[in-house]
Enquirer: 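Let me give you the structure first, and then I'll get to my questions.
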Amino acid sequence: MSMAKLFDLTGKIALVTGGNGGLGLAMAKGLAQAGAGIVVAARDQSKTAQALSEIRALGVPAEGVTVDLTQEAQIKDMVSRAVEMLGRVDILVNNAGTTVRKEPQDLTSEEWDQVLDVNLRSAFLASKEVYPHMKGQGGGKIINIGSMFSLFGGGGSGAPYSASKGGVVQLSKSLAVAWAKDNIQSNAILPGWFMTTLTAAIPESQPERYDLISRRIPTGRWGKPEELQGAVVFLASPASDYVTGAVLTVDGGYSVM
């Protein structure tokens, strides 16, 4: 296979949860640039509309689905609508995430469940839902987005987030083992510190924290969202057909410092 073909996603369809902003949109656009059609699944319809116009400008079909990822029925609907609209799902990117910033002793069980449901349960349910489609078409790619907190404790305000993102890694490995026989590869990407609309205020609002993090990144800077595109295209493409159960840090070396 030629090198260009190894990374070619022409005719493939990718479903990206939380794909209407930040790292999710950057990854969706990376997949689109490699030729994949995109289904963006997210809550905010106006953000999704804006994202779809950016993705369609890259010359691929793109559709949006509004979904509450805490609701199993809506996850089932998300997958069946994706297949209905674009014909198939070859690539699932479980990217949607949320957090509740409280000390562990102050968390309610509802808040714990909310974070675990969005970050971990939805990744399982979406994977389970795409499985028969991927199996039926001879294979597929599941890409779960973890975090540096898949590796590290989340400090005072990160217990459910860290627990869920650690779970995402183990879910990825378990699906890799279970579904290898169906030619479905399941891998995790752990992004480090990236400059997005969510983190853009940190240098101003929390200069000490920004400085502390920046000093620990061997590369000496925070990532740009498009710097996640190579990793997601690799794990979505034929280039990674013998890669499954892997955990890929994209962090400028933060996790090994």
Side-chain angles (χ1 to χ4, degrees), residues 7-98 117-119 121-145 175 179 182-187 189 225 228-229 232-238 240:
F7 295 95
D8 185 15
L9 298 177
T10 306
K12 302 291 186 187
I13 302 299
L15 170 58
V16 184
T17 69
N20 62 358
L23 300 182
L25 177 55
M27 288 187 287
K29 286 163 88 169
L31 294 166
Q33 285 168 51
I38 308 292
V39 179
V40 170
R43 277 186 308 185
D44 184 331
Q45 285 174 298
S46 60
K47 260 178 81 179
T48 296
Q50 172 60 38
L52 290 174
S53 68
E54 290 179 36
I55 294 164
R56 287 180 186 136
L58 299 168
V60 297
E63 299 291 345
V65 179
T66 306
V67 64
D68 175 352
L69 289 164
T70 64
Q71 303 300 313
E72 183 173 9
Q74 291 193 34
I75 292 172
K76 289 183 171 181
D77 184 55
M78 166 186 85
V79 172
S80 60
R81 286 191 56 204
V83 172
E84 209 173 277
M85 290 188 296
L86 291 183
R88 54 196 289 130
V89 175
D90 303 280
I91 300 147
L92 170 65
V93 182
N94 285 309
N95 163 74
T98 190
D117 283 357
V118 172
N119 294 5
R121 181 174 177 264
S122 80
F124 161 66
L125 291 173
S127 300
K128 178 176 176 237
E129 220 42 53
V130 299
Y131 170 73
H133 297 285
M134 288 184 174
K135 183 183 179 184
Q137 66 207 19
K141 305 277 184 176
I142 295 170
I143 302 164
N144 294 315
I145 307 305
L175 298 181
W179 296 344
D182 302 305
N183 192 32
I184 295 169
Q185 290 83 50
S186 165
N187 296 288
I189 295 176
L228 262 186
Q229 292 174 337
V232 78
V233 169
F234 167 63
L235 290 177
S237 71
S240 61

Enquirer: State, to 0.1 Å, how close G19 and N95 come at their nearest heavy-atom pair, and which atoms those are.
Expert: N-ND2, 4.4 Å
Enquirer: Could you measure the distance from the CE atom of M78 to the CG atom of L92? Nearest 0.5 Å is fine.
Expert: 6.5 Å
Enquirer: Write out all pairs satisfying salt bridge (Lys or Arg N to Asp or Glu O under 4.0 Å) with one or both partners inside residues 55-81, taking only residues at least two apart or from two chains.
Expert: R56-E63
Enquirer: So which heavy atom on G97 is nearest to which on N119, and how close?
Expert: CA-OD1, 3.1 Å
Enquirer: Could you check if a side-chain atom of V89 sits within less than 4.5 angstrom of a side-chain atom of L15, using non-hydrogen atoms only?
Expert: yes
Enquirer: I'd like to check the salt bridge (Lys or Arg N to Asp or Glu O under 4.0 Å) partners of K12; sequence neighbours left out, ordered by chain and number.
Expert: none
Enquirer: Given 3.5 Å as the limit, does a donor-acceptor pair link the side chain of T66 with the main chain of R43, or not?
Expert: no
Enquirer: Between CD1 of I189 and CD1 of I145, what distance do you get to the nearest 0.5 Å?
Expert: 4.5 Å
Enquirer: Please confirm whether the backbone N or O of A49 pairs with a side-chain atom of N20, one donor and one acceptor, at under 3.5 Å?
Expert: no
Enquirer: Please examine the side chains of V40 and I55, heavy atoms only from C-beta on, and report whether any two atoms are closer than 4.5 Å.
Expert: yes
Enquirer: Between OG of S186 and CD1 of I142, what distance do you get to the nearest 0.5 Å?
Expert: 5.5 Å
Enquirer: Where is the tightest heavy-atom contact between L52 and G64, given as atom of each residue plus distance?
Expert: CD1-N, 3.5 Å
Enquirer: Could you walk me through whether M134 and D182 pass the side chain to side chain contact (heavy atoms under 4.5 Å, CB included) test, one step at a time?
Expert: CA-CA 8 Å; M134 288 184 174; D182 302 305; over 6 Å; no
Enquirer: Which atom names give the shortest non-hydrogen contact between L69 and S122, and what distance separates them?
Expert: O-CB, 3.4 Å
Enquirer: Rounded to the nearest 0.5 Å, what's the gap from CD on Q185 to OG on S240? Could you check?
Expert: 6.0 Å
Enquirer: Take I143 and L235 through the test side chain to side chain contact (heavy atoms under 4.5 Å, CB included) and record every step on the way to the result.
Expert: CA-CA 7 Å; I143 302 164; L235 290 177; 3.9 Å; yes
Enquirer: Using modelled atom types only, decide if a donor and an acceptor are shared between the side chain of N94 and the backbone of A126 within a distance under 3.5 Å.
Expert: no
Enquirer: Determine which pairs satisfy salt bridge (Lys or Arg N to Asp or Glu O under 4.0 Å) with at least one residue from residues 125-138, sequence neighbours left out, and list them in order.
Expert: none
Enquirer: Of all heavy-atom pairs between L86 and G37, which one has the smallest distance, and what is that distance?
Expert: CD1-C, 4.4 Å
Enquirer: What pairs with R88 under salt bridge (Lys or Arg N to Asp or Glu O under 4.0 Å), at least two apart in sequence or on another chain?
Expert: D90
Enquirer: For the backbone of S46 and the side chain of D44, can you confirm whether one donor and one acceptor N or O come within less than 3.5 Å of each other?
Expert: yes
Enquirer: List in chain and number order the residues that pass ring-ring contact (aromatic ring centres under 6.0 Å, His included) with Y131, two or more places apart in sequence or in another chain; answer none if no residue qualifies.
Expert: W179
Enquirer: First locate atom CD1 of I91, then atom CD1 of I13, and finally report the distance between them rounded to the nearest 0.5 Å.
Expert: 8.5 Å
Enquirer: Write down the atom of A42, the atom of T48, and the distance for their closest heavy-atom approach.
Expert: CB-OG1, 3.9 Å
Enquirer: Using atom types as modelled, flag every donor-acceptor pair under 3.5 Å from a side chain in residues 24-33 to any protein atom, sequence neighbours excluded.
Expert:
from : atom 1 : to  : atom 2 : distance (Å)
K29  : NZ     : E54 : OE1    : 2.7
Q33  : NE2    : K29 : O      : 3.4

Enquirer: Side chains of D117 and T70: any donor to acceptor distance under 3.5 Å?
Expert: no
Enquirer: Give, for atom OG of S127 and atom CG of N144, the distance between the pair rounded to the nearest 0.5 Å.
Expert: 5.0 Å
